[in-house]
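Contents: one structure, followed by commentary.
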Amino acid sequence: MHCLKRSKYQLNAIKVCVSVFLALAIVGCEGGSTQSPTGSAEVTFQPSQPTVGPCDLTIKLVDGEGKPIEDAKLTVEGNMNHAGMKPSFAEMSQADEPGVYEGTIDFTMGGDWFLLVSAEGPSGEVIETKVDVPGVNTK
């Protein structure tokens with residue numbers, strides 16, 4: 001009976017490892033692409049190498065045909081790559097140029113960050129992407 005319990009634990013451990021491997025493989029295939037069937041988001045920073053503190057963002061949204069998406073509901077959440085840090089959020093507003101949105105996000109600490117950009121256009125276009133922000137510098 002003792003050998004059976006050990007085998008069940010080993011089998012469960014193998015199942016967990018395989019599940020984690022498959023999940024990582026799926027995520028790894030996604031990469032940092034900003035393209036989706038309904039459009040894309042292009043994010044730029046000012047300064048181009050962000051530092052701790054406020055950082056200006058410009059996000060350009062286009063639909064699947066490359067046309068600017070205006071009047072989108074846009075949210076931007078910034079997180080550090082390690083757990084335990086409070087996320088930062090950017091308030092975005094539409095700029096004068098069609099499909100272009102501007103805002104500011106506050107990087108509260110140096111290190112590696114990522115942004116989760118989510119946009120919904122008035123015609124139902126949905127764009128969700130993750131943008132890596134490696135090496136936010138301290139001042």
Side-chain angles (χ1 to χ4, degrees):
M1 186 68 158
H2 180 64
C3 290
L4 282 176
K5 284 186 178 180
R6 183 178 294 166
S7 295
K8 287 181 183 179
Y9 291 127
Q10 289 172 342
L11 184 57
N12 286 338
I14 291 170
K15 287 179 183 177
V16 168
C17 288
V18 169
S19 297
V20 169
F21 173 78
L22 290 174
L24 290 174
I26 290 168
V27 170
C29 291
E30 289 182 77
S33 175
T34 60
Q35 194 72 30
S36 74
T38 58
S40 66
E42 178 185 321
V43 181
T44 55
F45 303 90
Q46 185 59 34
S48 59
Q49 179 57 50
T51 59
V52 172
C55 178
D56 294 331
L57 298 175
T58 302
I59 300 177
K60 183 175 182 179
L61 299 176
V62 295
D63 65 17
E65 297 174 0
K67 297 177 186 171
I69 299 174
E70 295 189 63
D71 301 320
K73 296 176 186 174
L74 185 62
T75 60
V76 179
E77 177 182 334
N79 291 284
M80 292 203 74
N81 282 351
H82 60 79
M85 295 300 296
K86 180 180 171 185
S88 292
F89 296 90
E91 293 289 325
M92 304 298 293
S93 59
Q94 193 159 350
D96 292 334
E97 187 179 339
V100 176
Y101 300 82
E102 298 174 331
T104 302
I105 193 160
D106 188 23
F107 292 114
T108 57
M109 178 181 231
D112 296 331
W113 286 73
F114 62 92
L115 301 181
L116 299 174
V117 178
S118 179
E120 183 179 341
S123 302
E125 307 93 332
V126 175
I127 300 168
E128 293 182 336
T129 190
K130 176 184 172 193
V131 177
D132 290 322
V133 188
V136 171
N137 293 319
T138 57
K139 292 184 180 180

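Treat the numbers as computed from the prediction; the structure is a model and nothing was measured.
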Item to check | Intermediate values then yes/no, side chain to side chain contact (heavy atoms under 4.5 Å, CB included), Lys73 and Thr75 | outcome: CA-CA 7 Å; Lys73 296 176 186 174; Thr75 60; over 6 Å; no

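- Scanning for side-chain contact (heavy atoms from CB on, under 4.5 Å) contacts around Thr108 gives Met85, Ser88, Asp106, Trp113, with sequence neighbours left out.
- Judged purely by atom type and a 3.5 angstrom limit, Asp132 has no side-chain atom pairing as donor or acceptor with the backbone of Pro134.
- Contact detail for Val136 and Thr51: the closest heavy-atom pair is CG1-C, 3.6 Å.
- Looking only at distances, no side-chain donor or acceptor of Gln46 sits under 3.5 Å from a matching main-chain atom of Thr58.
- Counting heavy atoms from C-beta outward, Ile69 and Ile127 have side chains that approach closer than 4.5 Å.
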Which atom pairs, donor and acceptor, lie under 3.5 Å between side-chain atoms of residues 89-99 and protein residues at least two apart or in another chain?
unit_1	atom_1	unit_2	atom_2	d
Gln94	OE1	Asp71	N	3.0
Gln94	NE2	Glu70	OE1	3.3

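- Checked against side-chain hydrogen bond (donor to acceptor under 3.5 Å, both in side chains), Thr104 has the following partners two or more places apart in sequence or in another chain: Asp56.
- The hydrophobic cluster containing Phe114, built from Ile/Leu/Val/Met/Phe/Trp/Tyr side-chain heavy atoms closer than 4.5 Å, also comprises Leu116.
- Pairing each heavy atom of Asn79 with each of Pro87, the nearest pair is OD1-CB, 3.2 Å.
- Judged by distance alone, the side chain of Asp112 and the main-chain N or O of Gly135 form a donor-acceptor pair under 3.5 Å.
- Between the OG atom in Ser40 and the CG atom in Asp63 there is a gap of 9.0 Å [rounded to 0.5 Å].
- Within the model, atoms NZ of Lys86 and CE of Met80 stand 15.0 Å from one another, a figure rounded to the nearest 0.5 Å.
- A heavy-atom distance below 4.5 Å is found between the side chains of Val76 and Ile59.
- Considering only heavy atoms from C-beta on, Pro50 stays 4.5 Å or farther from Asn137 through its side chain.
- For Thr138, the side-chain contact (heavy atoms from CB on, under 4.5 Å) partners at least two apart in sequence or on another chain are Val52.
- Here Glu120 pairs with nothing under the side-chain hydrogen bond (donor to acceptor under 3.5 Å, both in side chains) rule; sequence neighbours left out.
- Linking Ile, Leu, Val, Met, Phe, Trp and Tyr residues whenever their side-chain heavy atoms come within less than 4.5 Å leaves Ile105 and Val100 in two separate clusters.
- No continuous path of ILVMFWY side-chain contacts below 4.5 Å connects Leu74 to Val62, so the two sit in separate hydrophobic clusters.
- Side chain of Tyr101 to backbone of Leu57: no donor-acceptor contact under 3.5 angstrom is found.
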